[in-house]
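Worksheet: the structure to be examined is printed underneath.
This structure is a prediction, so every number in the text was calculated from the model and none was measured.
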Amino acid sequence: GMHGQSEDPAFEGVNGLWEEAWNDLVIGKESALRLYASELVGVSCSALESPSWPVKAQGARAIATIAETMGPNLESAYIDTLMTALLVALPGRVWEGKEAVVSAQRMVCVCCQNTIRSCQDLQKLATEKICHELIQQCKKKPTTYQQCCIEATGDILDALKADCYMDFKEILLPIIKNGVDDTLGMMADLSDTSCTLKLRAVVFRALGKAWPQCTDTQVACTGEVFALMGNTLLTSPWQTQVAILCGLRDLLQRLSVSLSEAVLSYVNITLIPILSQCLGVTKYGVCRATLMVLSKLFAILKDPQYRFQESPPLQDLRQALSTVRDPQDKELVVEILKHLQ
């Protein structure tokens, strides 16, 4: 079948059914999936219960395909069935190919987000049960599995506008703090280093994507997350820098609470000088990502409540902005300078 070969003879029929629906689909008929929806949902969910790992993974990939193809047209009863079956397959040990279950859960929650958000029971299932279980999975090794879980959780919280930030953050922050010692120390195994760096990049992106709309959580976390991102910027390699800046941009974009005196002072004394330095990094996209953060930051700071004063960090920032060469970035530079008037 299209989701990889299975040795299990009991699964031959599934492959046949998939093949048939898939051949119709490839011709561009979503209607084929609708026609077979109940069979395909049933078969995929029973595959998830199989003791065979390849069959489980195949069932999960099939579910991901159903969600991706049907998206907003998938009926809520099917969404419920699929999310529940995947939820049951999540706990327990990490087996080979288990990422497929995590990715399928992400696909269902993201592709069917509007249906889920408009149905109280589905939203509750997703945020209270699925996100809770995924956050538990985020602690598990190997690193590739952990990375898959963190990415999926960030995307789901983002799509469903759900707030599990406190619990999620508790698991993410130690990864960043441990990573600092790892990257600064000499690592014997290079592949291990690249794994750690990828994981840290995924963590920073997720901290931005999962940033909730809930004002209490924003008030409680802004200072800590700002400082964490800002203080890690200059000691990180460029790939991580881009991820940190994207996380910071997402956070600023959704910030709906006023910045405290402490956060303001951190921004002025520490963060702005750090961002000025980042403008000088010539590597792939660091400068552009920095400009996007600055543009969001000053869109907030121009609010009269902040009475932002002229200061040496702002003068240095103007100087740094004047050195940005890429013509594509000029527009953002002009916009930031306008805010700085």
Original post:
In this structure, are over 12 heavy atoms from other groups packed under 6.0 Å from Lys161 atom NZ?
Top reply: yes

**OP:** List the steps, then state whether side chain to side chain contact (heavy atoms under 4.5 Å, CB included) holds for Gln319 with Ser322.
**Re:** CA-CA 5 Å; Gln319 174 53 39; Ser322 70; 3.9 Å; yes

Subject >> Lys140 atom NZ, neighbour heavy-atom count above 12 within 6.0 Å >> reply: yes

**OP:** Rounded to the nearest 0.5 Å, what's the gap from CG on Leu228 to CG on Leu173? Could you check?
**Re:** 5.5 Å

**OP:** Identify whether Ile272 and Val293 are in the same connected component of the hydrophobic contact network (ILVMFWY, side-chain heavy atoms under 4.5 Å).
**Re:** yes

Subject >> Full working for side chain to side chain contact (heavy atoms under 4.5 Å, CB included) between Leu199 and Ile150 >> reply: CA-CA 9 Å; Leu199 180 66; Ile150 292 170; 3.9 Å; yes

**OP:** Sequence neighbours left out, what passes salt bridge (charged side-chain N to carboxylate O under 4.0 Å, His left out) with Lys169? Give chain and number order.
**Re:** Glu224

Subject >> Sequence neighbours excluded, every pair satisfying side chain to side chain donor-acceptor pair (under 3.5 Å) that has a member inside residues 331-341 >> reply: Ser295-Glu335

**OP:** Nearest 0.5 Å please: distance from the CG atom of Leu157 over to the CD1 atom of Ile130.
**Re:** 11.5 Å

Original post:
Regarding Asn231 and Tyr266, is there a side-chain donor-to-acceptor distance under 3.5 Å anywhere?
Top reply: yes

Original post:
Does the side chain of Thr217 pick up a donor-acceptor pair with the side chain of Asp163 at under 3.5 Å?
Top reply: yes

Original post:
Are any of the side-chain heavy atoms of Ile269 and Pro313 separated by less than 4.5 Å?
Top reply: no

Original post:
Gln241 side chain to Leu233 main-chain N or O, any donor-acceptor pair under 3.5 Å?
Top reply: yes

**OP:** Could you tell me whether the side chain of Leu337 reaches within less than 4.5 Å of the side chain of Leu340, counting heavy atoms only?
**Re:** yes

Original post:
Any side-chain heavy-atom pair from Leu314 and Phe298 closer than 4.5 angstrom?
Top reply: yes

**OP:** First locate atom CD of Gln136, then atom SG of Cys131, and finally report the distance between them rounded to the nearest 0.5 Å.
**Re:** 12.0 Å

Subject >> Smallest separation among heavy atoms of Leu87 and Gln105, with atom names >> reply: N-NE2, 3.4 Å

**OP:** Give the intermediate values and the outcome of side chain to side chain contact (heavy atoms under 4.5 Å, CB included) for residues Asp216 and Val219.
**Re:** CA-CA 5 Å; Asp216 289 350; Val219 169; 5.7 Å; no

Original post:
Does any N or O in the side chain of Asn268 come within less than 3.5 Å of the main-chain N or O of Leu264, such that one atom is a donor and the other an acceptor?
Top reply: no

**OP:** Could you tell me whether the side chains of Asn114 and Ser118 share a donor-acceptor contact shorter than 3.5 Å?
**Re:** no

Original post:
Under the side chain to side chain contact (heavy atoms under 4.5 Å, CB included) criterion, do Asp80 and Leu125 qualify, and how do the steps go?
Top reply: CA-CA 8 Å; Asp80 189 3; Leu125 170 65; 3.6 Å; yes

Original post:
Do Tyr306 side-chain atoms and Leu259 backbone N/O form a donor-acceptor pair below 3.5 Å?
Top reply: yes

Original post:
Can you name the nearest heavy-atom pair linking Leu86 to Val101, along with the distance?
Top reply: O-CG1, 3.8 Å

Original post:
Does the Gln123 side chain pair with the main chain of Leu160, one donor and one acceptor, at a distance under 3.5 Å?
Top reply: yes

Original post:
Where is the tightest heavy-atom contact between Ala220 and Met166, given as atom of each residue plus distance?
Top reply: CB-CE, 3.6 Å

**OP:** State, yes or no, whether a side-chain contact exists between Leu279 and Thr323 at a heavy-atom distance under 4.5 Å.
**Re:** no

Subject >> Smallest separation among heavy atoms of Ala320 and Ser276, with atom names >> reply: CB-O, 3.8 Å

Subject >> No-hydrogen, no-angle side-chain donor-acceptor test under 3.5 Å, Glu133 and Gln137 >> reply: yes

**OP:** Please list, chain by chain and in numerical order, all residues satisfying ring-ring contact (aromatic ring centres under 6.0 Å, His included) with Tyr165, sequence neighbours excluded.
**Re:** Trp211

Original post:
Are any of the side-chain heavy atoms of Leu48 and Val88 separated by less than 4.5 Å?
Top reply: no

**OP:** Decide yes or no for Tyr78 and Val108: does some side-chain heavy atom of the first lie under 4.5 Å from some side-chain heavy atom of the second?
**Re:** no

**OP:** Measure the shortest side-chain to side-chain distance between Thr65 and Leu40 over non-hydrogen atoms and say whether it is less than 4.5 angstrom.
**Re:** no

Subject >> Within one Ile-Leu-Val-Met-Phe-Trp-Tyr cluster: Leu82 and Leu33, side-chain cutoff 4.5 Å >> reply: yes

Subject >> Heavy atoms of other groups near Glu261 CD, more than 12 under 6.0 Å >> reply: no

**OP:** Any chance you could measure Arg288, atom CZ, to Asp329, atom CG, to the nearest 0.5 Å?
**Re:** 5.0 Å

**OP:** Taking only Lys NZ, Arg NE, NH1 and NH2, and the carboxylate oxygens of Asp or Glu, determine whether Asp250 and Lys209 approach each other closer than 4.0 Å.
**Re:** no

Subject >> Cluster link Ile63 to Met107, ILVMFWY, side chain under 4.5 Å >> reply: no

Original post:
Salt bridge check: are Arg205 and Asp158 linked by an N-O gap of less than 4.0 Å?
Top reply: no

Original post:
For Val43, does its backbone N or O pair with a side-chain atom of Ser46 as donor and acceptor, under 3.5 Å?
Top reply: yes

Original post:
Between Arg254 and Gln218, what is the shortest heavy-atom contact and its length?
Top reply: O-NE2, 2.9 Å

Original post:
With the threshold set at 4.0 Å, does a side-chain nitrogen-carboxylate oxygen contact exist between Arg318 and Glu310?
Top reply: yes

Original post:
Has the side chain of Arg249 got a donor or acceptor atom that lies under 3.5 Å from a matching backbone atom of Gly208?
Top reply: no

Original post:
Does a side-chain heavy-atom distance below 4.5 Å link Thr232 with Thr240?
Top reply: no

**OP:** Give a yes or no answer on whether the side chain of Lys330 reaches the backbone of Val324 with a donor-acceptor pair at less than 3.5 Å.
**Re:** yes

Original post:
Are Leu248 and Ile175 in one and the same hydrophobic cluster, where Ile, Leu, Val, Met, Phe, Trp and Tyr link if side-chain heavy atoms are under 4.5 Å apart?
Top reply: yes

Original post:
If you round to the nearest 0.5 Å, how far is CG of Leu172 from OG1 of Thr153?
Top reply: 8.5 Å

**OP:** State yes or no: do Met70 and Val110 share one hydrophobic cluster built from I, L, V, M, F, W and Y residues joined by side-chain heavy-atom distances below 4.5 Å, directly or via other members?
**Re:** no

**OP:** Can you see which heavy atom on Cys138 is nearest to which on Phe168, and at what distance?
**Re:** SG-CE1, 4.0 Å

Original post:
If you measure from SG on Cys164 to CD1 on Ile135, what distance do you get to the nearest 0.5 Å?
Top reply: 4.5 Å

